[in-house]
2 protein chains.
Amino acid sequence: MDQTPDDDLRIAHSPTTLRELVTEKMRQAIISGRFNGGDRLIERTLCDQLGVSRSVVREAIRYLEAEGLVESVSRAGPVVATLDWNGARQIYDIRRLLEAEAAAACARVADASIKAQLRQALGELDKAFHQEASLHLYAATTDFYRVIFTAAGHLIAWEVVSRLNGRISRLRALTLSSSNRRISGPAHMARICQAICDNDPEAAAQAVRSHLGDAAEIAQTLLKDAR
Amino acid sequence: MDQTPDDDLRIAHSPTTLRELVTEKMRQAIISGRFNGGDRLIERTLCDQLGVSRSVVREAIRYLEAEGLVESVSRAGPVVATLDWNGARQIYDIRRLLEAEAAAACARVADASIKAQLRQALGELDKAFHQEASLHLYAATTDFYRVIFTAAGHLIAWEVVSRLNGRISRLRALTLSSSNRRISGPAHMARICQAICDNDPEAAAQAVRSHLGDAAEIAQTLLKDAR
DNA sequence: ATCAATATTTAGGTATACCATAAGATCGTA
DNA sequence: TACGATCTTATGGTATACCTAAATATTGAT
């Protein structure tokens, strides 16, 4: 109330800086697989492609480097980070711990409003799955989890999980679509949603664990094929 | 073997870049409390103090921003991140999960060599505690956990925990020294070490949980006092 | 004396210029 | 022909210059 009372009258006035735009663009390029692991990120080339100066590109690279999406080898410049199965397995292990805990916490506090949000997210997810819209599926899955983490109040854990997800994004895109080995992805999610709507923390945690166990297994298979 | 065979003959030739040096220097300044939470980081001032150009400082800030040590508010520039109890609690929760899991995994695989490393780290920790050397204690505690995570093969989890630790560093320094409420810090560590040396995963995990529960409780008290 | 309008300063955002180094190409000699 | 030395170029590291916006101080008028 002590702030400016008419936030919605503000001029559009681009609150996002050019640097943030470029960071996001490069992050998407890496996550979406447009840049492959091991690709060199040549500054001047990126500058030309993006139409910005080196300062902007370099600062974006520094940010992505700290995120683990880019690695800078001394005197050779930055390259897109690669991930072997050992690293991917560790990330799935961490996600299992954090997501199970978040789902349990969410189940403990879930009220009608949260349950509604969750069901809606699940609906989107289902829709994307049947349309075989891979990108939409990815976003919907992310949204589903975002609802869970946010409702649980696990904001920092969500931050951590999002970061890690960026590093296994290509795997994730693959596992999401091919996830019909044991149970399809949405079926897993439905179980999680159901457990939370029943306010059953242990069942929610268990559902998450089994989903991630499946995903990790598929990822392992895919990674071994790819190499 | 396919590399240059005489690494030790190499010219000093500073393999670390100026930017990395500045990043580390600023990180230390924040972690050690020389910069307080909420302090503005004025680029040109930092340039003068560090004797480098703005490019270097800005890239370092971007890196620390991604690490969560610095926050950039739109149109006001970067400030040192602050942490309230809600954030700190979340970080302790995440640490509890990851460290308990790592300790259990370590207990499963610990052989004589790992046990020896752990005991040595514990010795250092004890020494620092009795010398009341706060900085040394901090480093020794970090080393102790590094041994555990490394032995468990949880390298990425260690990365995550280290990041998060940076964000609660001031709290951590305080809890370490004042940790003699229920059991002193080294006593907790000794229990963890013992459980791992007994190859008892569940006891190790439990010891970690009780240590962190204690630490979080102390932190909460301190944070409430400080505000 | 107070309020408002303008000038000044400060700081961040962006672009560019310069330098050093490492890898690759070219040319000369054995 | 093959090896080596030198030159070129591509690339990253570093410094600086310029612009815009916001905050603050200053000055003038009521």
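L18(B) has its CG atom 11 Å from the C1' atom of dA15(D), to the nearest Å. Note: CD1 (I61(A)) to P (dG13(D)) measures 9 Å, nearest angstrom. The distance between atom CD1 of I42(A) and atom P of dA10(D), rounded to the nearest whole Å, is 11 Å. In this entry the distance linking CD of E43(B) with P of dA17(D) reads 16 Å, nearest Å. In this structure, R40(A) places its CZ atom 7 Å from P of dT11(D), rounding to the nearest Å. Rounding to whole angstrom units, CZ of residue R62(B) and P of dG12(C) are separated by 10 Å. L46(B) has its CG atom 16 Å from the P atom of dT14(D), to the nearest Å. The distance between atom CZ of R58(A) and atom P of dT16(C), rounded to the nearest whole Å, is 16 Å.
For the residue pair E124(B) and Q120(B), no side-chain donor N or O sits within less than 3.5 Å of a side-chain acceptor on the partner.
At the phosphate of dT16(D), neither OP1 nor OP2 sits under 4.0 Å from any side-chain N or O atom of R54(B). Remark: S53(A) is in phosphate contact with dA15(C), judged by side-chain N or O atoms under 4.0 Å from OP1 or OP2.
Closest contact between the side chain of P78(A) and the listed nucleotides dT14(D), dA15(D), dG12(D) involves dG12(D). Comparing dG13(C), dA15(C), dA15(D) against the side chain of V56(A) picks out dA15(C) as the nearest. Side-chain proximity of R44(B) to the nucleotides dT16(C), dG12(D), dG12(C) is greatest for dG12(C).
In this structure, CG in L122(B) is found 9.5 Å from CD1 in I192(B), a value given to the nearest 0.5 Å.
Summary of the strand contacts: T45(B) and S55(B) both lie near DNA chain C, and taking for each the nucleotide with the nearest heavy atom, the more 5' one is attributed to T45(B).
The pair D48(B)-R44(B) does not count as a salt bridge, with every side-chain nitrogen at least 4.0 angstrom from each carboxylate oxygen. Ion pair R167(B)/E159(A) flagged as a salt bridge, since at least one NZ, NE, NH1 or NH2 atom sits closer than 4.0 Å to an Asp/Glu carboxylate oxygen. Between R62(A) and E59(A) no salt bridge is recorded (no basic side-chain N to carboxylate O distance below 4.0 Å).
Residue R19(B) is in sugar-phosphate contact alone, with no base atom involved, counting any heavy-atom pair closer than 4.0 Å across all strands shown.
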